[in-house]
Peer 1: 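Right, I'll just put the structure down here and ask away after.
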Amino acid sequence: MTDWNDPGALNCSDEDTFDALLDRATTREKGNYFEFFAEGDELSHDPGLRLSQHGSEQWMGQTLNHDPAYWRADTARDRDFDGVPVHPDYLLACVMGISVEDLSEKGGYFLGRTDVEFHRSAYPGTELAVTSRVVDTRTSSSRPAYGIVTWETEGRDRETDERLVSYERTNMIPRREPAATDGSGSMADGDGADPATPDLPETLLAPDGMHFEDFRDALEQASEADAAVAYRHERGRTMDDQLVAGLPLATLNTARQHHNRDEMADSPSGDIVAYGDVTRSIALAHARSDEATYRERRFEDERFHTFVTIGDTVYGFTRVLDCDSDAGPDRTGAVTFEHVAFNQDSTPVYSGRRTALIQRQQ
């Protein structure tokens, strides 16, 4: 009997031998199919990740988030931080990245996220503990090879157990066995109806400046006319290998769609695609560059509308929805925005509502 453990028993570098071996080998799978998830299940995601100043600065530099409060000690003190914190986009991307191996590594569309809340600032050296709970599972009426799963996820300080950020997200997840459906639904189980012709405002106004009063005054002016406060941002950022593959892997996001071109060649996108949080962060950076941002508060109804691949350019558009003079410290007010990221073809790729504290004029 041949001893197959003998190093000389097989020449694995011979192409014919290796081809025969590969054809017979069982694949050790990573990630979970839709059938794995059941409502109420709780998952603890390992490994954790240690937030770092280098990681935060790398994220900010690549996505054009150049707020000095996350780079410099003097500005951080002026903003009432206890030190130089990590950027909230980096924190959110790390918390979600850690969860990918258990939740969405198998692939599928990132349909959206809501109830994103930052409970306190995080600082370099913080070790993350990330957990998720399955909120809902359902069949996709349009794509029988997928199901739809919604999770609540929390990122905590592993040492103190304090909550840092929480959110709810929804993904399509591949099924091990396709479901029987009539195929009548849209990608996210909508009714597929054509949208009505939009009723657009007569005028679009832009704020005169970056401070809370500028947004408030623009809204007041718009309320006196058939107008909305909405404007586009000049900057654009073209997706490259570092953005599409490098940043997700730095947050432990191992989803194949961000780094495995072989697997993605036959997918609808035809190539690796950007991590949604990278696309989002770039769009928000464009908006923040036209604001005197003090703190991020909350995000709602975040949606990712189509693929972003290497070579696509991401731009930003903002609509101002509300101003609250009583929120936050005396030096700030809360502004609620709707942000839209769009590509070089003017196609929306991300949208979401954001509430941030904006500094008042000094």
Peer 1: Report yes or no: do Met172 and Phe307 belong to one cluster of Ile/Leu/Val/Met/Phe/Trp/Tyr joined by side chain heavy-atom distances under 4.5 Å?
Peer 2: yes
Peer 1: Check this for me: does any side-chain nitrogen of one of Arg176 and Glu35 sit under 4.0 Å from a carboxylate oxygen of the other?
Peer 2: no
Peer 1: Taking NZ, NE, NH1 and NH2 as the nitrogens, is one of them in Asp80 or Arg331 under 4.0 Å from a carboxylate oxygen of the other?
Peer 2: yes
Peer 1: Taking the side chain as every heavy atom from C-beta outward, state whether Leu43 and Val134 have any pair of such atoms under 4.5 Å apart.
Peer 2: yes
Peer 1: For Ile282 and Val278, run side-chain contact (heavy atoms from CB on, under 4.5 Å): C-alpha distance rounded to whole Å, both residues' side-chain angles, the deciding distance at 0.1 Å, then the answer.
Peer 2: CA-CA 6 Å; Ile282 291 171; Val278 173; 4.1 Å; yes
Peer 1: If every non-hydrogen atom of Phe212 is compared with every non-hydrogen atom of Cys323, which pair is closest and at what distance?
Peer 2: CE1-CB, 3.8 Å
Peer 1: State, with a plain yes or no, whether a side-chain heavy atom of Asn253 is found less than 4.5 Å away from one of His258.
Peer 2: yes
Peer 1: Within the structure provided, determine whether Arg232 and Phe342 are in side-chain contact (heavy-atom separation under 4.5 Å).
Peer 2: yes
Peer 1: Out of the candidates Asp67, Thr332, Thr293, only one should pair with Arg79 under the side-chain hydrogen bond (donor to acceptor under 3.5 Å, both in side chains) rule; please name it.
Peer 2: Asp67
Peer 1: Supply the atom-to-atom distance Leu247 CG to Gln62 CD, rounded to the nearest 0.5 angstrom.
Peer 2: 6.0 Å
Peer 1: Answer yes or no: are there more than 12 heavy-atom neighbours, outside Glu29 itself, under 6.0 Å from its atom CD?
Peer 2: yes
Peer 1: List, by chain and then residue number, the residues other than Tyr294 in its hydrophobic cluster (Ile/Leu/Val/Met/Phe/Trp/Tyr, side-chain heavy atoms under 4.5 Å); write none if there are no others.
Peer 2: Leu357
Peer 1: Got Ser325 and Arg360 here, is their nearest side-chain heavy-atom distance under 4.5 Å?
Peer 2: yes
Peer 1: When you look at CG of Asp78, are more than 12 heavy atoms from neighbouring residues, nucleotides or ligands closer to it than 6.0 Å?
Peer 2: yes
Peer 1: Which value, rounded to the nearest 0.5 Å, describes the distance between Glu213 atom CD and Asp208 atom CG?
Peer 2: 12.0 Å
Peer 1: Apply the hydrophobic cluster definition, ILVMFWY joined by side-chain contacts under 4.5 Å directly or through others, and give me every member besides Phe18.
Peer 2: Leu22
Peer 1: Does the side chain of Ser121 reach to within under 4.5 Å of the side chain of Arg295, using non-hydrogen atoms?
Peer 2: yes
Peer 1: Is it true that, when you exclude Arg303 itself, more than 12 heavy atoms of the residues, nucleotides or ligands shown sit nearer than 6.0 Å to its CZ?
Peer 2: yes
Peer 1: Do Glu117 and Arg298 meet the salt-bridge criterion of a basic N to acidic O distance under 4.0 Å?
Peer 2: yes
Peer 1: First locate atom OG1 of Thr150, then atom CG of Leu111, and finally report the distance between them rounded to the nearest 0.5 Å.
Peer 2: 8.0 Å
Peer 1: Applying side-chain contact (heavy atoms from CB on, under 4.5 Å) between Arg237 and each of Thr313, Thr279, Leu64, report the one that passes.
Peer 2: Leu64
Peer 1: Please determine whether side-chain contact (heavy atoms from CB on, under 4.5 Å) holds for the pair Asn171 and Trp151, giving the CA-CA distance in whole Å, both sets of side-chain angles, and the decisive distance to 0.1 Å.
Peer 2: CA-CA 9 Å; Asn171 269 69; Trp151 306 275; 3.7 Å; yes
Peer 1: Ignoring hydrogens, what is the shortest heavy-atom contact between Thr318 and Ala287? Give both atom names and the distance.
Peer 2: OG1-CB, 3.7 Å
Peer 1: If hydrophobic clusters are built from ILVMFWY residues whose side chains come within less than 4.5 Å, do Val308 and Leu284 share one?
Peer 2: yes
Peer 1: Hey, is Arg354 close enough to Glu296 for a salt bridge, meaning N to O under 4.0 Å?
Peer 2: yes
Peer 1: Are Ile310 and Val314 connected in a single hydrophobic cluster, I mean Ile/Leu/Val/Met/Phe/Trp/Tyr linked by side-chain heavy atoms less than 4.5 Å apart?
Peer 2: yes
Peer 1: Which heavy atom of His286 sits nearest a heavy atom of Asp290, and at what distance?
Peer 2: O-OD2, 3.8 Å
Peer 1: Inspect the contact between Glu105 and Lys30 and indicate whether a charged nitrogen and a carboxylate oxygen are less than 4.0 angstrom apart.
Peer 2: no
Peer 1: Should Phe215 and Phe337 be marked as a ring-ring contact (aromatic ring centres under 6.0 Å, His included) after you check the CA-CA gap, both sets of side-chain angles, and the distance that decides it?
Peer 2: CA-CA 10 Å; Phe215 295 105; Phe337 304 93; 5.4 Å; yes
Peer 1: Report the C-alpha separation of Val116 and Glu302 in whole Å, then their side-chain angles, then the decisive distance to 0.1 Å, and conclude whether the side-chain contact (heavy atoms from CB on, under 4.5 Å) test is met.
Peer 2: CA-CA 9 Å; Val116 180; Glu302 293 191 306; 3.8 Å; yes
Peer 1: Check the hydrophobic clustering (I, L, V, M, F, W, Y; side-chain heavy atoms under 4.5 Å; chains of links allowed) and say if Leu128 and Tyr275 are grouped together.
Peer 2: yes
Peer 1: Would you please say whether a donor-acceptor pair under 3.5 Å links the side chains of Ser281 and Asn65?
Peer 2: yes
Peer 1: Can you establish whether the number of heavy atoms outside Asp74 located under 6.0 Å from its atom CG is more than 12?
Peer 2: yes
Peer 1: Looking just at side-chain N and O atoms, do His233 and Ser289 make a donor-acceptor pair shorter than 3.5 Å?
Peer 2: no
Peer 1: So which heavy atom on Gly276 is nearest to which on Phe304, and how close?
Peer 2: O-CE2, 3.2 Å
Peer 1: Do Arg280 and Phe299 meet the cation-pi criteria used here (NZ or CZ under 6.0 Å from the six-membered ring centre, within 45° of the axis)?
Peer 2: yes
Peer 1: When you group the ILVMFWY residues by side-chain heavy-atom contacts below 4.5 Å and let the links chain together, are Tyr231 and Ile358 in the same group?
Peer 2: yes
Peer 1: I'd like to know if the side chain of Gln53 and the backbone of Tyr70 have a donor-acceptor N/O pair within less than 3.5 Å.
Peer 2: yes
Peer 1: Please verify the inter-ring angle class for Tyr146 with Tyr109; under 30° counts as parallel, over 60° as perpendicular, anything in between as tilted.
Peer 2: tilted
Peer 1: Strictly below 4.0 Å, N to O, side chains only: are Arg156 and Glu154 in salt-bridge contact?
Peer 2: yes
Peer 1: Any heavy-atom pair between the side chains of Ser166 and Glu152 that's under 4.5 Å?
Peer 2: no
Peer 1: Start with the C-alpha gap between Val335 and Leu321, add the side-chain angles, then the distance that decides, and say whether side-chain contact (heavy atoms from CB on, under 4.5 Å) holds.
Peer 2: CA-CA 8 Å; Val335 181; Leu321 302 177; over 6 Å; no
Peer 1: Please confirm whether the backbone N or O of Arg297 pairs with a side-chain atom of Thr355, one donor and one acceptor, at under 3.5 Å?
Peer 2: no
Peer 1: Give a yes or no on whether Arg319 atom CZ has more than 12 heavy-atom contacts from other residues, nucleotides or ligands under 6.0 Å away.
Peer 2: no
Peer 1: Would you check if Arg113 and Asp277 make a side-chain contact, meaning some heavy-atom pair closer than 4.5 Å?
Peer 2: yes
Peer 1: Is it the case that more than 12 heavy atoms not belonging to Arg120 sit under 6.0 Å from its CZ atom?
Peer 2: yes
Peer 1: So does Arg261 pair up with Asp271, basic N to acidic O under 4.0 Å?
Peer 2: yes
Peer 1: Does the pair Arg216/Asp214 count as a salt bridge with the N-to-O cut at 4.0 Å?
Peer 2: no
Peer 1: Between Pro47 and Leu252, what is the shortest heavy-atom contact and its length?
Peer 2: CG-CD1, 4.0 Å
Peer 1: Within a strict 4.5 Å, meaning less than it, do heavy atoms of the Phe34 and Val149 side chains meet?
Peer 2: yes
Peer 1: Hey, could you give me the CD/CD distance between Glu162 and Glu159, rounded to the nearest 0.5 Å?
Peer 2: 10.0 Å
Peer 1: Side-chain donor-acceptor pairs under 3.5 Å in residues 90-104, sequence neighbours left out?
Peer 2:
| from | atom 1 | to | atom 2 | distance (Å) |
| --- | --- | --- | --- | --- |
| Tyr90 | OH | Ser52 | N | 3.3 |
| Ser99 | OG | Met96 | O | 2.7 |
| Ser99 | OG | Arg169 | NH2 | 3.4 |
| Asp102 | OD2 | His45 | ND1 | 2.7 |
| Ser104 | OG | Arg169 | NH1 | 3.3 |
| Ser104 | OG | Arg169 | NH2 | 3.3 |

Peer 1: For the residue pair Ala292 and His211, what are the closest heavy atoms and their distance?
Peer 2: CB-CD2, 3.8 Å
